[in-house]
Amino acid sequence: RLDSYSHHLVVVLDNDIDLSNVDFHSIPTFGGVLEGGHHTITGLTLEDEGSNLGLFRYLQSTAVVRNLTVEGTISPSGSRNSIGGIAGNNAGKIINCHFDGKLTGADQLGGIAGINQLTGLIEKCTVNGTIIGNHFIGGIAGENPGVIRDCESNAEINTTSEQNSIEISDITIDTLTQSESANTVTDVGGITGFSSVVVRNCSNHGSI
């Protein structure tokens, strides 16, 4: 997490990349600039045990990732918190990036980032696919103490999870005011499950 190898490093993607037959693991940390060149990384499959998983585990505050599409499945075991298509934990800038695939986990799941930190910016990004989780689940970011703007989600969120079905007739004042139980699915939204700062000019078209 303290590795500074990528500070001031600029990586330019010249071609599409297929990870289908590659033993790929999340890039641990990145603080430079990745110019995706509107190319696509396909076949991303992450089934590692743990949390903070995505194409990148951590994007540092100096990081910029732009003009990139990622396609794949991220379905870890273990704690499974902070899971995102581009980054598990983002403190940098993710601009004009797209994720198409499936995410499953526990808490803080987002199509672009699991958690978008205070210094984080997610801009002009889109998400398609399926996201399934328990708490703080969003089409773009699971939890957002940062800024999300000009983004669009078409992701289906928890639509295949039977535990989330509920009849309107079952809702009472008591069930609304009781403390949350560990098994209750909470804080789920089309753009973000929970936001304490900015969500601007975004749209959701997926079912929740």
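Since we're looking at a predicted model, the values are computed, not measured.
Hydrophobic clustering keeps Phe56 apart from Ile95 (ILVMFWY residues linked when any side-chain heavy atoms are closer than 4.5 Å, directly or through intermediates). Criterion: ILVMFWY side-chain heavy atoms under 4.5 Å apart, direct or through other members. Under it, Ile17 and Val11 are part of a common hydrophobic cluster. Residue Leu13 is grouped with residue Phe24 when hydrophobic side chains (ILVMFWY) are merged at heavy-atom distances under 4.5 angstrom, including chains of intermediate members. Under the 4.5 Å side-chain contact rule for hydrophobic residues, Phe30 and Leu44 share a cluster. Taken together through direct or relayed side-chain contacts under 4.5 Å among Ile, Leu, Val, Met, Phe, Trp and Tyr, Val185 and Ile191 form part of one hydrophobic cluster.
In this structure, Val188 and Phe136 have side chains that are not in contact, with every pair of non-hydrogen atoms separated by 4.5 Å or more. Within the 4.5 Å cutoff, no side-chain heavy atoms of Leu103 are placed close to those of Thr130. For the pair Arg66/Val33, a side-chain contact is recorded, criterion being any heavy-atom separation below 4.5 Å from C-beta on. With contacts defined as side-chain heavy-atom distances shorter than 4.5 Å, the pair Lys124/Thr126 does not qualify. A heavy-atom distance below 4.5 Å is found between the side chains of Val127 and Ile112. Between Leu59 and Gln117 there is no side-chain heavy-atom pair separated by less than 4.5 Å. Counting heavy atoms from C-beta outward, Arg57 and Asn52 have side chains that approach closer than 4.5 Å. When side chains are defined from C-beta on, His135 does not count as touching Ile137, because their heavy atoms never get closer than 4.5 Å.
Each of Asn89, Ile27, Asn90 was checked for a side chain to side chain contact (heavy atoms under 4.5 Å, CB included) with Tyr58, and the lone residue meeting it is Asn89.
A distance of 6.0 Å separates CG of Asn204 from CD1 of Ile157, quoted to the nearest 0.5 Å. In this structure, CD1 on Ile86 lies 5.5 Å from CG on Leu68, to the nearest 0.5 angstrom. A distance of 8.5 Å separates CG of Asn116 from OG of Ser195, quoted to the nearest 0.5 Å. For the atom pair CD1 of Ile140 and OG1 of Thr192, the computed distance is 9.5 Å after rounding to the nearest 0.5 Å. In this structure, CD1 in Ile148 is found 5.0 Å from CD1 in Ile122, a value given to the nearest 0.5 Å. Rounding to the nearest 0.5 angstrom, the gap separating the CG atom in Asn154 from the CD atom in Glu152 is 4.5 Å.
Taking all atoms of both residues into account, the shortest heavy-atom contact from Ser6 to Gly31 is OG-N, 2.6 Å. Minimum heavy-atom separation, Ser51 to Arg80: OG-N, 3.5 Å. The two atoms that bring Ile115 and Pro145 nearest to each other are CG1-CD, 4.1 Å, heavy atoms only. For the pair Thr159 and Ile208, the tightest heavy-atom approach, listed with the atom from each and the gap, is CG2-N, 4.3 Å. Heavy-atom minimum distance, Gly54 versus Ser26: O-OG, 2.5 Å. Shortest non-hydrogen contact noted between Asn81 and Ala106 is OD1-CB, 3.5 Å.
Ser153 contributes a side-chain N or O that, together with a main-chain N or O of Ala155, makes up a donor-acceptor pair within less than 3.5 Å.
A side-chain N or O of Ser75 and one of Thr104 form a donor-acceptor pair less than 3.5 Å apart. Between the side chains of Gln60 and His7, a donor-acceptor pair is found at a separation under 3.5 Å. Looking only at atom types and distance, the side chain of Asp18 has a donor-acceptor partner in the side chain of Ser20 under 3.5 Å away. Judged by distance alone, the side chains of Asp48 and His25 do bring a donor and an acceptor atom under 3.5 Å apart.
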Check your understanding: Hey, mind stepping through Cys97 and Val65 against side-chain contact (heavy atoms from CB on, under 4.5 Å) and telling me if it holds?
Key -> CA-CA 8 Å; Cys97 290; Val65 177; 3.9 Å; yes

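Ion pair Lys93/Glu123 not flagged as a salt bridge, since none of the NZ, NE, NH1 or NH2 atoms sits closer than 4.0 Å to an Asp/Glu carboxylate oxygen.
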